[in-house]
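To start, the structure under review is shown below, and the notes come after it.
Numbering of ligands and ligand atoms starts at 1, following listing order.
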Amino acid sequence: MSTSDKTSIGVIGIGYVGLVTGTCLAELGNNVVCMDIDAEKIEALREGQIPIYEPELPELILKNRDRMTFTTSLADIFDRCEIFFIAVDTPPTFTGDADLSRVFAVMSELPGLSNKHHVLVMKSTVPVGTGLKISSELARQEMANIDYVSNPEFLREGSAIHDFLNPDRIVIGSRDPGIGEKVAALYRNMKAPILKTNIPTAEMIKYASNAFLATKISFINEIANVCEEVGADVCVVADGMGHDRRIGKHFLNAGIGFGGSCFPKDVTALKQIAGNSGYHFQLLTAVIEVNELQKRRVVNKLQKHLGTLADKTIALLGLAFKPNTSDLREASSIVLASRLLGDGALVKAYDPVAIPYAAKAVRGILLCDNILSVVKDSDAVVLVTEWDEFADLPLEEMKKVMRRPLIIDGRNFLDPRKVRAAGFTYEGIGRV
Ligand SMILES: NC(=O)c1ccc[n+]([C@@H]2O[C@H](COP(=O)([O-])OP(=O)(O)OC[C@H]3O[C@@H](n4cnc5c(N)ncnc54)[C@H](O)[C@@H]3O)[C@@H](O)[C@H]2O)c1
């Protein structure tokens, strides 16, 4: 079948999820219309520039260039696509609820009743209940030609292409099994199980999954903190726990807490969803609080060695919220840097990828372009993001240019013996 025989698929909101979704749908053989309100981003994409750092993405866009078009016009989507995905951002409001204003902005521009059938597929993470409300709204506004399907996304930035194309499961929530089937057909060549549910269940699977992973992180962080008190090593403890198949090895890395555009907002949103329906989700309250306190522990560790941080120079290795992404949203580095600046420290930072994106996200930090320039004249180094480049630090050279040989390893990424053998004071999180 030639590509022109394929039905075009629309994607609205070309950020991390939307661009990866559009690219992977093109890779699966579909013509894809990618729409965003950010005209600069669309122009850049038309010229072949990729607005985010995501491994494999530039190559895959190049490979599927003939199947992908970029537009700022919603009308293009409705003209050309029966099925369209919404992947706009749903950031937290000041109360912690998900802000659905971008979703509603799209809704307000949906075309009125016509003889063309459309399927609106929600990829954005939206609170449980949103899909049913939107479905009713579509019917009420006499847009019964538009069906609604919930299809939450589970990809991880840094391995988004791989995750999209090799998912652990595909969740499709719909009122009408026939409509859900149309969306399921897009994934027919994937090996993953397809779970067909009602809409609220699909929405809850997304929140419950992220909240559970965040809970695992806060749990192991608390174990790490107890390990520090009793002389146990959390890395060995986590390994010992992970051998138990009921527990599993993933998400048991103690560190300075979770960040990013998903976990913090989704955990808080689930707590709010529960609260708004009259249920106090006690466990999640603790998960969030533990995560906040965990970032502060690094400051305590620095103070233990340096005393007051006023006029001390602290070098941060890594700014992105995790390796292999340029994303700085809710990154632990930003919280940590703000606290250090608040204590009067001079903060320097280096990140292999996120530096060009950092100027907007963080103010007051001296941005450096390599490891040696960031550690020069610093009183301590804090490893914040476990980039590969930091696995084998040039310890000898670093020691020569630093004021004090102190490394706080916020991700338990370095080999303590090697670091100490090079003459550094080393502290990890919950490690002996
Ligand atoms: N980033 C992740 O790792 C991830 C993973 C799974 C799910 N999600 C969820 O997917 C959704 C998108 O997340 P993201 O990280 O891709 O967000 P993002 O901020 O990277 O991208 C959102 C895009 O939507 C565009 N947009 C906003 N309003 C618009 C409108 N009215 N019309 C068209 N475009 C509009 C923005 O310009 C932006 O390009 C969120 O709900 C998020 O929770 C994210």
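For ligand 1, the atoms lying closer than 4.0 Å to a non-hydrogen atom of S261 are 1 (N). Close approach to K41 involves these atoms of ligand 1, each under 4.0 Å from a residue heavy atom: 38 (C), 39 (O). Residue contact check: M35 has heavy atoms under 4.0 Å from atoms 33 (C) of ligand 1. Here is the list of ligand 1 atoms found below 4.0 Å of a heavy atom in C262: 2 (C), 3 (O), 4 (C), 5 (C), 8 (N), 44 (C). Close approach of ligand 1 to R102 (heavy-atom distance below 4.0 Å) involves ligand atoms 27 (C), 28 (N), 31 (N). Interface atoms of ligand 1 facing E153, defined by a heavy-atom separation under 4.0 Å, are 6 (C), 7 (C). Each of the following atoms of ligand 1 lies closer than 4.0 Å to a heavy atom of A87: 12 (C), 22 (C). Interface atoms of ligand 1 facing Y16, defined by a heavy-atom separation under 4.0 Å, are 1 (N), 15 (O), 16 (O), 20 (O).
Atom 5 (C) of ligand 1 has as its closest protein heavy atom L155 O, 3.5 Å. The shortest contact between atom 40 (C) of ligand 1 and any protein heavy atom is with T90 OG1, 3.5 Å. Scanning the protein heavy atoms around atom 24 (O) of ligand 1, the nearest turns out to be G13 CA, 3.4 Å. At the top of the distance list for atom 43 (O) of ligand 1, counting protein heavy atoms only, stands K265 NZ, 2.6 Å. For atom 8 (N) of ligand 1, the nearest non-hydrogen atom of the protein is V17 CG2, 3.5 Å. Closest to atom 11 (C) of ligand 1, if we only count protein heavy atoms, is V88 O, 3.3 Å. Counting protein heavy atoms only, atom 21 (O) of ligand 1 is closest to G15 CA, 3.1 Å. Taking atom 1 (N) of ligand 1 as the reference point, the nearest protein heavy-atom neighbour is E157 OE2, 2.7 Å.
In this pair, F390 and Y350 present their aromatic rings perpendicular. The plane angle is above 60°, beyond the 30 to 60° band. Aromatic ring pairs are classed by plane angle as parallel below 30°, tilted from 30° to 60° and perpendicular above 60°; the pair F263 and F258 is perpendicular.
E427 CD to N412 CG: the interatomic distance, rounded to the nearest 0.5 Å, is 11.0 Å.
Within the 4.0 Å heavy-atom criterion, both parts of S124, backbone and side chain, lie near ligand 1. In D327, neither the side chain nor the backbone holds a heavy atom less than 4.0 Å from any atom of ligand 1. Contacts between R156 and ligand 1 below 4.0 angstrom, taking non-hydrogen atoms only, are absent altogether. Using a 4.0 Å cut-off between heavy atoms, A98 makes no contact with ligand 1 at all. Contacts with ligand 1 closer than 4.0 Å are made by side-chain heavy atoms of R329 only, the backbone lying farther away.
Look at E109 and you'll find every heavy atom at least 4.0 Å from all atoms of ligand 1.
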Q | side-chain contact (heavy atoms from CB on, under 4.5 Å) assessment of L60 paired with E56 | A | CA-CA 6 Å; L60 216 58; E56 297 181 53; 5.7 Å; no
(Q) For a side chain to side chain donor-acceptor pair (under 3.5 Å) check, start with the C-alpha distance between T95 and D97, then their side-chain angles and the critical distance, and finish with the verdict. (A) CA-CA 6 Å; T95 57; D97 293 284; 2.6 Å; yes
Q. Is there a side-chain contact (heavy atoms from CB on, under 4.5 Å) between V11 and V32 once you walk through the steps?
A. CA-CA 7 Å; V11 182; V32 182; 3.9 Å; yes
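Figure legend: cation-pi geometry between R169 and F154, with NZ or CZ positioned under 6.0 Å from the six-membered ring centre and within 45° of its axis.
What you find for A238 and L252 is that their closest heavy atoms are CB-O, 3.3 Å.
Between D89, V126, I52, T72, it is D89 that holds the heavy atom closest to atom 22 (C) of ligand 1. Among D36, V106, T21, T325, the residue whose heavy atom sits closest to atom 38 (C) of ligand 1 is D36.
Between S332 and R411, the closest side-chain pair of non-hydrogen atoms falls below 4.5 Å.
With respect to L319, the side chain to side chain contact (heavy atoms under 4.5 Å, CB included) criterion is satisfied by exactly one of I334, I355, T385, V384: I355.
Formation of a donor-acceptor pair under 3.5 Å by the R46 side chain with backbone atoms of F70 is found in this model. Side-chain atoms of K348 never come within 3.5 Å of backbone atoms of V375 as a donor-acceptor pair (strictly under, hydrogens ignored).
At most 12 heavy atoms of other shown residues, nucleotides or ligands fall within 6.0 angstrom of atom CD in E40. Within 6.0 Å of the CZ atom in R156, the count of heavy atoms belonging to other residues, nucleotides or ligands does not exceed 12.
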